[in-house]
Amino acid sequence: MGLTLASRSIISKAIVDILVVLEDKLSLKNKLDLGDQITSEDEQTLKNASKKDKKNFIKIAKEFLNLKAKEVLETAVNNLLTSKRKKVLLLLGSGGTGKSKFNRYLARRLWECAKSDMTQSIPLFIALAPLEGLINKNRDFIEAYLQERGNLSSDQIKELRNRKFVFILDGYDEIAKRERNCYDSNMFTEWKNAKIIISCRPEYLDEGSSVKFWPKENGKKGLQELTLTPFSWAEIEQYTKKYVNYSKKNGSHLPWDANRYIQEIKSLSQIEELVCNPVLLKITLTILPDLRKKGTSQINRIVLYDEFIKKWFERAQERLQRIQLKKEEREAFNRLNNVDKESFINHCLQFGKDFAFEMFVNNNKVVVDYDPNYDPINEETTSNWSRFLDFAFEMFVNNNKVVSNWSRFLGNTDLELLLIRFSMPLFRRGNQYWFFHKSLRDYLISCVLFDSLKDTSQATRFNMQLISPEPAIQQFLAEQVQQMPEYKQTLFNFIEYAKKNKKFQIASANAITVLSRANIQLPVNLSNIRVPGADLSNGDFNNFQFVRADLSKVNFQNAKLQSANLEGASLQAAKLQNANLQNANLKGASLQDANLMGANIRHSNLEGASLRIQDLQKLALHTDFE
């Protein structure tokens with residue numbers, strides 16, 4: 001049972017203090033769910049704590065609420081499974097907060113239930129990254145998936161439609177076509193007895209995009225959203241202690257005990273925000289002693305990833321020196337170390353950057369499959385039902401496959417290549433390869449792009465693929481430019497080159513995206529620039545000159561464009577949701593297919609602006625317009 005009104009009033013003042021602390025950590029819906037988890041026993045605990053001094057009570061209550069917040073997620077899943085109204089759970093969380101881990105844990109838990117009771121919902125874990133050819137294609141996604149990956153017939157799939165399912169779709173942010181209506185374009189209505197859990201990083205979704213996940217049957221009422229929050233300090237300490245204990249248990253020597261790790265982390269205010277992310281906390285614990293030993297005082301995200309990658313390759317090098325290798329393998333290893341200890345590390349680093357960048361320019365892949373003939377499905381099964389259960393679990397364990405030719409990186413004839421690849425922070429399952437965390441891929445891609453700013457012979461790489469769909473790559477590049485501002489002029493040069501030559505417009509769009517993300521002051525006069533597809537969301541462009549600029553498909557969400565001069569500019573398919581365009585000059589501008597939902601265009605000059613009838617209708621319905 002929940003807290004009574006009388007009981008709540010007893011501890012209301014202290015609870016207010018705690019909710020202020022948690023204000024940025026919990027959404028309103030999460031807070032309501034959290035309140036539902038408070039039992040009469042919990043109430044008594046809070047009452048007893050409130051009788052002591054406030055400092056102790058706040059500490060106890062913080063730990064209590066953090067513990068209860070963990071229960072919200074699992075309770076939400078249970079409610080989804082039993083609710084007649086809810087069909088979809090959208091699980092949000094920044095990179096490294098544990099979405100995939102929770103999804104796998106949930107699939108395993110539901111799997112155990114389904115094996116012993118055929119009336120229970122059957123989990124089907126589906127990693128979306130390798131499924132670009134199937135997802136959001138205006139067809140029955142689940143049917144296509146079962147046919148292609150499971151070799152199931154139409155009759156077998158028809159039989160399965162009568163079963164209860166939980167489709168766990170992991171990594172929606174790792175597919176390219178995120179702008180489509182997820183529920184409709186995958187025809188989830190064809191699975192009447194299914195519940196759907198979709199995980200995604202929130203920064204990869206546009207403003208108001210939750211509508212794309214609304215079930216067709218009952219709209220907003222059928223969707224529930226939950227957000228995984230960063231670690232609290234109590235959780236950081238708990239994780240650190242478990243990290244140390246686990247390392248000792250497995251015979252790994254650590255230079256510090258748990259208390260020393262915690263003290264060192266607390267002493268570095270610049271990484272306080274970073275270590276709230278579980279992945280970055282693990283990286284920090286791995287390399288912090290070495291950074292301290294080197295005397296490194298300025299520690300940030302770039303330093304953490306850079307040192308972590310190097311540490312990984314150093315350990316791989318030590319392992320290859322220690323283990324027994326065949327004669328030809330030892331000779332290949334010696335060739336990789338032909339100059340000094342750094343040679344092997346540099347070879348590995350270059351391979352990692354090249355491999356990550358190839359993934360980026362090749363349809364922005366997150367998972368690659370080298371062997372087109374790989375088939376994880378066992379053809380010999382005793383029944384349709386057992387065949388499906390075996391297939392579902394195989395897909396949960398093995399992820400999915402995508403066909404491509406990657407012999408340059410994944411071939412097996414070059415021994416040096418093999419030794420390097422075996423030393424990479426890559427997962428391999430079957431013939432699939434991927435970085436053990438997407439942030440490592442994104443960091444290495446950013447390194448390649450930043451290297452192209454330093455070396456003019458590599459400059460074309462900055463002009464190959466837009467970075468706007470990848471906020472993580474944007475952030476890495478922004479931080480690198482902030483640390484080495486001497487390279488910002490190269491970014492400005494790209495913007496100027498594109499004014500004269502259209503073939504530089506990708507580099508120009510990438511350049512202005514990085515400059516904006518890095519909060520580097522842009523020139524007020526940006527007339528005639530070509531930056532189609534750039535990400536300028538949340539930017540401040542009040543009074544800027546964008547006359548005759550190519551701003552098509554630019555993301556201007558939540559941007560400030562008051563009194564901006566956009567005369568004759570192309571804003572086709574631009575994202576202007578919640579942008580402030582008050583008093584802006586849009587005379588003669590092309591606004592076809594632009595999204596102006598929630599935009600403020602009061603007193604804007606729209607004389608001669610090009611809009612289609614349907615765009616005008618949307619403009620009247622969804623903008624602040626006089």
Side-chain angles (χ1 to χ4, degrees), residues 179 206-207 463 466-468 491-517 520-620 622-626:
E179 74 282 358
D206 293 337
E207 193 86 18
N463 195 42
L466 284 172
I467 63 173
S468 49
L491 297 174
F492 285 119
N493 291 343
F494 278 130
I495 297 173
E496 289 300 314
Y497 295 155
K499 288 182 181 180
K500 302 172 184 176
N501 192 330
K502 190 177 181 180
K503 73 178 184 179
F504 291 109
Q505 64 183 20
I506 292 178
S508 177
N510 287 340
I512 200 168
T513 296
V514 174
L515 290 166
S516 178
R517 180 61 72 96
I520 292 172
Q521 183 61 48
L522 294 167
V524 174
N525 188 356
L526 292 173
S527 295
N528 299 304
I529 64 168
R530 288 192 177 105
V531 291
D535 186 352
L536 301 178
S537 56
N538 302 295
D540 188 345
F541 306 104
N542 290 338
N543 300 301
F544 271 51
Q545 297 289 318
F546 288 108
V547 177
R548 293 181 298 279
D550 184 353
L551 305 172
S552 54
K553 297 183 180 180
V554 169
N555 183 357
F556 273 122
Q557 291 184 78
N558 301 302
K560 298 176 182 177
L561 290 157
Q562 289 177 268
S563 302
N565 188 356
L566 294 145
E567 183 173 350
S570 173
L571 287 158
Q572 290 186 353
K575 298 176 181 178
L576 289 155
Q577 298 99 306
N578 299 311
N580 190 344
L581 287 150
Q582 187 171 352
N583 295 312
N585 180 12
L586 291 160
K587 183 178 180 180
S590 175
L591 289 161
Q592 291 181 345
D593 296 318
N595 189 337
L596 287 153
M597 185 176 292
N600 178 2
I601 56 173
R602 288 184 178 182
H603 310 301
S604 294
N605 181 2
L606 290 166
E607 180 185 348
S610 174
L611 291 107
R612 297 186 306 178
I613 293 176
Q614 53 265 48
D615 295 328
L616 283 169
Q617 291 171 338
K618 292 178 183 177
L619 189 66
H622 300 296
T623 61
D624 188 357
F625 178 63
E626 286 185 349

Under the side-chain hydrogen bond (donor to acceptor under 3.5 Å, both in side chains) test, residues paired with [X] that sit two or more places apart:
X      : result
Ser570 : none
Asn595 : none
Ser590 : Gln572
Gln577 : none

Partner residues of [X] under the side chain to side chain contact (heavy atoms under 4.5 Å, CB included) criterion, sequence neighbours left out:
X      : value
Lys587 : Glu567, Asn585, Asn605, Glu607
Asn538 : Asn558
Asn555 : Asp535, Ser537, Gln557, Lys575
Ala511 : Phe462, Leu491, Phe494, Ile495

Within-4.5 Å side-chain heavy-atom neighbours: Pro532 and Lys553: no

Check: Leu566 and Leu581 side chains under 4.5 Å, non-hydrogen atoms: yes

Within 6.0 angstrom of Tyr497 OH, more than 12 heavy atoms from elsewhere: no

Sidechain-backbone polar pair: Ser516 side chain, Ile512 backbone, donor-acceptor under 3.5 Å: no

Inter- and intrachain pairs under salt bridge (charged side-chain N to carboxylate O under 4.0 Å, His left out), touching residues 496-516, at least two apart: Glu496-Lys499

Salt bridge (charged side-chain N to carboxylate O under 4.0 Å, His left out) contacts touching residues 537-549 (sequence neighbours left out): none

Minimum heavy-atom distance between Asn510 and Ile467, given as atom pair plus value: OD1-N, 2.9 Å

Heavy-atom pair of closest approach, residues Val524 and Asn543: CG1-O, 3.5 Å

